[in-house]
There are 2 protein chains.
Amino acid sequence: MNKLVDMQEALASARSLEELQTFVEGLRDVYSIDNLVYHSVNASGGQYAALTYSNEWVERYIDKGYERIDPVVQGCYKRFTPIDWKALDWSAKPSRDFLGESASAGLGNQGFSIPIRGPSGQFALFSVNQKDNDDRWAKFTEERVSDLILIAHYMNEKALEIEGGPNQGPVRALSPREKDALTLLALGNNRAGVAEALNISENTLRVYIESARFKMGASNTVHAVATALTHGLIVV
Amino acid sequence: MNKLVDMQEALASARSLEELQTFVEGLRDVYSIDNLVYHSVNASGGQYAALTYSNEWVERYIDKGYERIDPVVQGCYKRFTPIDWKALDWSAKPSRDFLGESASAGLGNQGFSIPIRGPSGQFALFSVNQKDNDDRWAKFTEERVSDLILIAHYMNEKALEIEGGPNQGPVRALSPREKDALTLLALGNNRAGVAEALNISENTLRVYIESARFKMGASNTVHAVATALTHGLIVV
DNA sequence: TTCCCCTTCACCAGAAATGGTGAGGTACGG
DNA sequence: CCGTACCTCACCATTTCTGGTGAAGGGGAA
């Protein structure tokens with residue numbers, strides 16, 4: 001009778017990404033939700049999603065790069081608390097256009113999203129989408145949001161555990177000196193300053209930057225620092 | 001009768017860090033827990049804690065820099081899921097010494113911690129500490145862990161909302177073009193490439209980079225991109 | 001021992017980034 | 001209507017970074 005416990009048990013046995021997809025579909029049915037989305041982006045840019053939207057919409061979304069204008073994605077990345085879609089900023093024209101498109105793709109008018117963060121900059125969104133009026137939606141939210149927050153976090157943990165899931169994408173570790181160099185660069189020092197701080201010649205410093213760049217496949221210093229940062233290889 | 005709901009309501013009204021401290025004490029009493037700790041560290045190194053340990057222990061902990069050897073802190077930073085302290089690695093000598101000291105300071109033998117992550121690299125630990133035998137502790141954990149996970153996340157959200165809390169350090173928002181520019185730079189493009197991608201002259205591009213730098217107080221492009229990244233102003 | 005990685009240093013020419021200043025236009029809120 | 005913020009472009013001297021190559025000693029793993 002306890003949906004939450006049932007769902008947790010269903011999740012506990014999941015061992016593959018396919019099972020997560022099945023889980024999401026089951027969750028949708030058990031809670032009588034129109035659509036559910038779990039979407040994770042790890043620091044390396046690797047993505048994984050388990051969702052109940054139509055393939056057409058998903059393809060269109062990816063194809064058009066809608067994640068760059070979707071107020072849900074943009075709004076949640078800076079947030080830490082679950083948020084109702086109504087509270088987001090839909091005033092910009094691209095946002096309104098996107099809203100119209102999503103509606104024609106069959107998405108409901110109501111929704112909320114739970115931002116979730118993991119180690120090394122992993123970020124995931126767990127979203128609920130529903131076609132409903134404001135009153136019923138408010139009631140639904142009040143009743144279900146606690147359960148869904150818990151499930152969202154459990155699901156994220158599961159997704160991170162699973163081989164090949166959003167948690168993969170190992171980047172070769174940086175040597176201590178390489179970390180020092182990139183960290184000081186990220187802090188705003190130029191090469192001369194970093195070399196001085198590290199008490200090495202600028203030539204030596206360059207070797208570190210370049211070997212770090214090489215390891216991460218970065219095309220220049222800015223890229224290397226950005227990559228190290230998003231991969232959690234350095235902390236500023 | 002529903003403790004979880006009561007606690008959520010108690011949290012909802014909190015407006016200051018002092019109230020969080022009071023909340024933690026109330027939570028301890030309501031759930032009959034020996035000790036509770038909420039401890040947050042933001043990306044800038046700013047710290048905040050609300051806890052029920054004795055002042056002596058807290059001072060000693062800070063003074064001796066125990067966060068560097070405490071297996072709870074060290075173990076949780078790499079994790080994303082709640083963990084029982086028994087499952088941590090206590091084999092190193094400093095860890096065992098630390099354990100002995102904590103026991104003489106009145107801490108219980110059982111505990112678990114919930115790692116929580118927020119935007120911009122914020123990291124918090126919500127820990128429960130109890131003096132109990134294994135059986136009763138297992139039962140307690142099973143019954144309460146769900147509630148406490150939720151409360152931990154609510155509490156972190158609250159702490160981040162509160163003025164002067166772990167979330168301080170607002171940075172002026174970037175304009176869309178500034179974000180585009182920094183994002184493309186973070187992705188490894190050089191200025192020529194970014195200008196081309198954005199369909200603007202390199203001169204114009206420079207204005208964006210410089211105004212972004214100015215807004216964030218960054219001393220060069222690398223610094224600007226790193227700052228934007230760590231503050232969640234751009235997403236790569 | 002051999003091999004690989006880390007740390008350290010040097011030289012150099014050419015490519016790229018920087019800093020500062022000036023100036024046109026649009027858009028929005030007070 | 002005015003101020004402020006945003007978007008766009010230009011010029012130029014100077015500093016800084018990049019790419020490529022070569023080399024030596026230390027440490028750990030196979």
Side-chain angles (χ1 to χ4, degrees), chain A residues 68-69 71 74 78 89-97 170-229 231 233-234, chain B residues 170-229 231 233-234:
Chain A
R68 300 203 176 271
I69 51 171
Q74 294 299 317
K78 296 193 216 69
D89 177 17
W90 295 88
S91 61
K93 179 144 195 325
S95 303
R96 288 196 310 274
D97 292 348
V171 178
R172 187 132 70 104
L174 299 176
S175 79
R177 281 312 229 184
E178 288 161 355
K179 280 191 223 175
D180 291 346
L182 295 189
T183 304
L184 289 167
L185 287 171
L187 255 17
N189 301 281
N190 61 11
R191 298 213 297 210
V194 176
E196 197 193 343
L198 254 27
N199 227 296
I200 53 177
S201 80
E202 224 180 298
N203 296 300
T204 304
L205 174 65
R206 278 191 45 210
V207 177
Y208 298 147
I209 300 172
E210 283 182 27
S211 66
R213 262 201 352 217
F214 182 74
K215 283 181 181 173
M216 300 185 293
S219 53
N220 55 41
T221 304
V222 175
H223 195 191
V225 170
T227 307
L229 235 22
H231 288 222
L233 265 25
I234 62 172
Chain B
V171 179
R172 188 138 64 109
L174 300 176
S175 79
R177 284 310 230 184
E178 287 161 355
K179 279 192 223 174
D180 291 346
L182 294 190
T183 304
L184 289 168
L185 286 171
L187 255 16
N189 301 281
N190 61 11
R191 298 214 296 212
V194 176
E196 197 192 344
L198 255 26
N199 226 296
I200 53 176
S201 80
E202 223 179 299
N203 295 301
T204 304
L205 173 66
R206 281 191 44 211
V207 176
Y208 298 147
I209 300 172
E210 284 181 26
S211 65
R213 259 199 359 212
F214 182 73
K215 282 181 181 173
M216 299 185 294
S219 53
N220 56 41
T221 303
V222 176
H223 194 191
V225 170
T227 307
L229 237 22
H231 285 82
L233 266 24
I234 61 171

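Values below: all heavy atoms of this structure, side chains included; hydrogens, waters and symmetry mates excluded. We name chains A, B, ... by the order of the sequence lines, and we start the count at 1 in each one.
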Please assess Val225(A) against Val225(B) for the test side-chain contact (heavy atoms from CB on, under 4.5 Å), listing each intermediate value before the final yes or no. CA-CA 8 Å; Val225(A) 170; Val225(B) 170; over 6 Å; no
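Remark: C1' of dC5(C) and OH of Tyr208(A) are 12 Å apart, rounded to the nearest angstrom. Per the geometry, CD1 belonging to Ile209(B) stands 15 Å off C1' belonging to dT8(D), to the nearest Å. Whole-Å rounding puts the His223(A) NE2 to dA16(C) P distance at 17 Å. In this structure, CD of Glu202(B) is placed 17 Å from C1' of dC7(D), rounded to the nearest angstrom. The distance from atom CG of Asn220(B) to atom C1' of dC17(D) is 11 Å, rounded to the nearest whole Å. Between the CZ atom of Arg177(A) and the C1' atom of dC9(C) there is a distance of 13 Å, given to the nearest Å. Here the P atom of nucleotide dT8(C) and the CG atom of Asn199(A) are 9 Å apart, to the nearest Å. Spacing between atom CD of Glu178(B) and atom P of dT8(D) amounts to 11 Å, rounded to whole angstrom units.
The phosphate of dA5(D) has neither OP1 nor OP2 within less than 4.0 Å of any side-chain N or O from Ser175(B). For the OP1/OP2 pair of dC6(D) and a distance below 4.0 Å, the side-chain nitrogens and oxygens of Lys179(B) include no atom meeting the criterion. The side chain of Thr204(B) contributes an N or O atom lying less than 4.0 Å from OP1 or OP2 of dC9(D).
With sequence neighbours excluded, the residues that form a side-chain contact (heavy atoms from CB on, under 4.5 Å) with Ser219(B) are His223(B). Taking the side chain to side chain donor-acceptor pair (under 3.5 Å) definition, one finds that Arg213(B) meets it with nothing, sequence neighbours left out.
On a pure distance criterion of 3.5 Å, a polar donor-acceptor pair joins the side chain of Arg206(A) and the base of dG20(D).
When all heavy atoms of Leu185(B) and Thr221(B) are compared, the pair lying nearest together is CD1-CG2, 3.7 Å.
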Summarise how protein sits on nucleotides 23-30 of chain C as a single string, 5' to 3': B when a protein heavy atom is under 4.0 Å from the base, S for sugar-phosphate-only contact, - for no contact. --------
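Thr183(A) places none of its side-chain heavy atoms less than 4.5 Å from the side chain of Glu178(A). Taking the side chain as every heavy atom from C-beta outward, Met216(B) and Leu233(B) approach each other to under 4.5 Å.
Residue contacts for Asn190(B): at a heavy-atom cut-off of 4.0 Å it reaches the sugar-phosphate backbone alone, with no base atom in range. Using a 4.0 Å heavy-atom criterion, one finds that Ser211(A) contacts no nucleic acid atom at all.
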Side-chain donor/acceptor pairs under 3.5 Å, residues 192-202 of chain B, sequence neighbours excluded:
residue, atom, partner, partner atom, Å
Ser201(B), OG, Asn203(B), N, 3.3
Ser201(B), OG, Thr204(B), N, 3.1
Ser201(B), OG, Thr204(B), OG1, 3.0

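With the nearest nucleotide of DNA chain D identified for both Arg213(A) and Ser201(B), Ser201(B) has the one nearer the 5' end.
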